[in-house]
Amino acid sequence: MPHYVPRTHDARLREHLRAAVDADAAPLLVKVVGESCTGKTRTALEAVRAVVPDTFELVFPADSSGLATLLDTGAPAPGTVLWLDEAQIHLAGPLGEDIAAALLRRLDAEGPLIVIATLWPVHHQALTAAPATNSLDPHHLVRRLLAQARSIDVPDTFADDFHSVRHLSVRDRSLSTVVELGSTVTQNLAAGPDLVRHFEQPSGRHGRHGRALVAAAMDARRLGVESPLPLHFLQAAAPGYLTDAERAQADNDWFTDAFDHSRTLIKRVAVSLPDMPGPTGMGALPGVVGLADYLQQHGRRTRRAVCPPAAFWEAALAHFDQGDDLFRLGFAARLRHRLQWAHRLYWRAAEAGSTPALSHLADGSADTHVAERLYHEAVVAGDTSALLRLGSLRENAHDPAGAEVLYRQAITAGDAAGYACLGGMYERADDLKEAERLYQRAFEQGIVGGLASRARLHANAGNLSAAIPLYRQAINAGVTSDLIFLARIHKESGEHEAAEACYQEVIDAGEADNLIHLAEMYRRLGDQEGAAALIRRAAEAGALGALVLTSDPHDEAAARSLYDRALRAGDDTALTLLGKLRDRFHDQDGAEHLYVLAANCASQQRQFFRRWPYGLDPDGTPTPAW
């Protein structure tokens, strides 16, 4: 189970139990009241564990008749905890009044005795409400029983104690899974796995069709759609998630039945595709749904190497109208090499008012004049980064004076990255003094990479006494990727202990994969022994890419295990290395499949191409190995 996070009500409950375990204490009835999946049972469990001596017996009745029989004998004996989880099962049933009468008698007898009852608020209200005038009173004794109980109310959320949840989530995988989903921690923990099971193991004639709706919703959310999801979008996208046989099984009412399947209430607290409230007023927005938070996170984790089918992109173009959503989808399509879809989505985004889409359209244009026009439109619309892109175009056209004007316009507009762009231009012109000054200005304005650029200038000039402190300063500012460059400097200077310390820092920062890239540098420099030692160290730290490199290439079971782990983790480096392994065995189809999966890990793809030198076009854009 996940770590327990105490809340305010825990202290009150434990105080009641602590007083009730004394030898001369009277019997105690405690009712723990809260909504479904808010932590009532866990609250009671942890209180008993913390306070009640091990000498006490625990009695957990299997059903109401067993409880009634137990109480008829005068049991339970002193020194017992009587556990009545979901007490309405016993108290609201046909034996409820008999059980209440027997419990009242037992609570008037010898202690110590603890009776713990958990109840939903709706059941508590029904059992304690006074009857209408001149009507029967079906819960007279139950009402008397609950009136004398100590009451502990369990809140629906962890809003007042969320700092404790975040603190514990650092070392608790279960909590880390749900901590970003909001303060309804226990509901997400309880209903989440069942939502996933309902999604992954659909049942019924249209269960597979319902799963397709949820899969399309998952992909929309993980690729950046934040607006409510139109039902027409889900209906249009779903066929792409089904096999020919599954589509052939659909009848005229398939969407209605599939939607009903996706709206099955799980644990009485969650559905896969919930209603979305309007921005103001009451009621749900018509024609749209959301996606359960837990499924959003599950989709991001398990589908990160999955590229949506063509039906998804077509439906997105037809049914989304928010510029920001369309822009993010265009960016996702571009990362996945769906360049035509990216282009069309960017145009739709620009038409819907997305300024960044103009710059991205320009980035993908082979016509310099068209690119400049689009960049100028973006500048007019308020996108200062377009000034930097225009400056880069001027540089490539051998117009440094025009480029500098644009970079300085960006600086004046408040974009400090202009200093870094100017610094790069002066560095390429061999004016290293001015380049360093501009890189320093970029850092002073919040561009942390300016420090690394200054460090690189000094390292390339052989001035290591200046480069090392700058690299260290950049690392301390959060650019931990520079550790591999600092390690290389120490190694080449013969400072092996300092290099070893940098390697350990890389591992401690959770970036052991970077040791693989450093090993590639060493290999290219002819240091095969040093490269092999780094690969071994990265493997010992659990880097999947290093485990691939050190595995037995003939061990199919190990390769399958590494593939499964890399796919779950979205580790593009490991997937690419597995692909190269298949290449070595002349399995081109298997290699291509792995390379595509690696490319589809969009959250890491840009780092993947920047860090790993498998091939770049002359202009510096990534060239996929396939």
Side-chain angles (χ1 to χ4, degrees), residues 9 12-48 51-52 56-154 268:
H9 63 271
R12 297 198 307 274
L13 175 57
R14 296 180 189 194
E15 183 180 348
H16 292 320
L17 298 189
R18 195 173 288 112
V21 297
D22 291 342
D24 57 351
L28 170 71
L29 169 62
V30 179
K31 57 184 179 185
V32 182
V33 182
E35 296 288 356
S36 175
C37 301
T38 54
K40 301 184 297 297
T41 303
R42 184 76 187 274
T43 291
L45 168 66
E46 296 297 337
V48 169
V51 173
V52 178
F56 272 58
E57 296 289 337
L58 176 68
V59 176
F60 188 94
D63 52 37
S64 297
S65 60
L67 174 58
T69 301
L70 172 77
L71 294 170
D72 283 345
T73 66
T80 299
V81 174
L82 176 59
W83 194 276
L84 303 181
D85 210 20
E86 303 291 356
Q88 72 275 0
I89 295 173
H90 306 297
L91 301 179
L95 298 177
E97 286 292 275
D98 293 337
I99 289 173
L103 278 171
L104 285 167
R105 290 194 298 271
R106 181 61 190 87
L107 291 171
D108 284 337
E110 184 182 3
L113 169 70
I114 297 173
V115 182
I116 294 181
T118 67
L119 284 160
W120 290 14
V122 63
H123 297 307
H124 182 263
Q125 182 178 5
L127 292 170
T128 57
T133 306
N134 299 324
S135 65
L136 296 175
D137 188 356
H139 304 304
H140 169 66
L141 294 175
V142 171
R143 190 164 63 256
R144 279 183 52 196
L145 175 72
L146 294 177
Q148 71 177 56
R150 300 281 189 173
S151 184
I152 300 295
D153 294 320
V154 178
R268 303 180 184 177

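Quantities reported herein were computed from a predicted structural model and do not represent experimental measurements. Side-chain atoms are counted along with the backbone in the values below, which use heavy atoms only and exclude waters and symmetry mates.
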Distance in Å, [X] [atom1] paired with [Y] [atom2], rounded so as to fall on 0.5 Å steps:
X      : Y      : atom1 : atom2 : value
Arg150 : Arg12  : CZ    : CZ    : 12.0 Å
Leu103 : Leu84  : CG    : CG    : 6.5 Å
Lys40  : Leu119 : NZ    : CG    : 8.5 Å
His9   : Arg14  : NE2   : CZ    : 9.0 Å
Leu91  : Asp98  : CG    : CG    : 11.5 Å
Asp153 : Thr43  : CG    : OG1   : 11.5 Å

inquiry  = So, using salt bridge (Lys or Arg N to Asp or Glu O under 4.0 Å) as the criterion, who are the partners of Arg42 when residues are at least two apart?
reply    =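 Partners of Arg42 under the salt bridge (Lys or Arg N to Asp or Glu O under 4.0 Å) test: Glu46.
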key: Step-by-step side-chain contact (heavy atoms from CB on, under 4.5 Å) determination, Leu104 to Gln148   = CA-CA 9 Å; Leu104 285 167; Gln148 71 177 56; 3.4 Å; yes
Beyond-backbone contact of [X] with [Y], side-chain heavy atoms, under 4.5 angstrom:
X     : Y      : answer
Pro61 : Leu82  : yes
Leu58 : Val48  : no
Pro76 : Arg106 : yes

Please find the pair of heavy atoms, one from [X] and one from [Y], that lie closest to each other, and give the distance.
X      : Y     : value
Phe60  : Asp85 : CE1-CB, 4.3 Å
His139 : Ala92 : CE1-CA, 4.4 Å
Leu13  : Ala44 : CD2-CA, 4.1 Å
Thr118 : Glu86 : OG1-N, 2.7 Å

All N/O donor-acceptor pairs, side-chain side in residues 20-31, below 3.5 Å, sequence neighbours left out:
from, atom 1, to, atom 2, distance (Å)
Lys31, NZ, His124, NE2, 2.9
Lys31, NZ, Leu146, O, 2.9

request  = I would like to know whether Leu145 and Leu107 meet side-chain contact (heavy atoms from CB on, under 4.5 Å); could you show each step before the answer?
outcome  = CA-CA 9 Å; Leu145 175 72; Leu107 291 171; 3.7 Å; yes
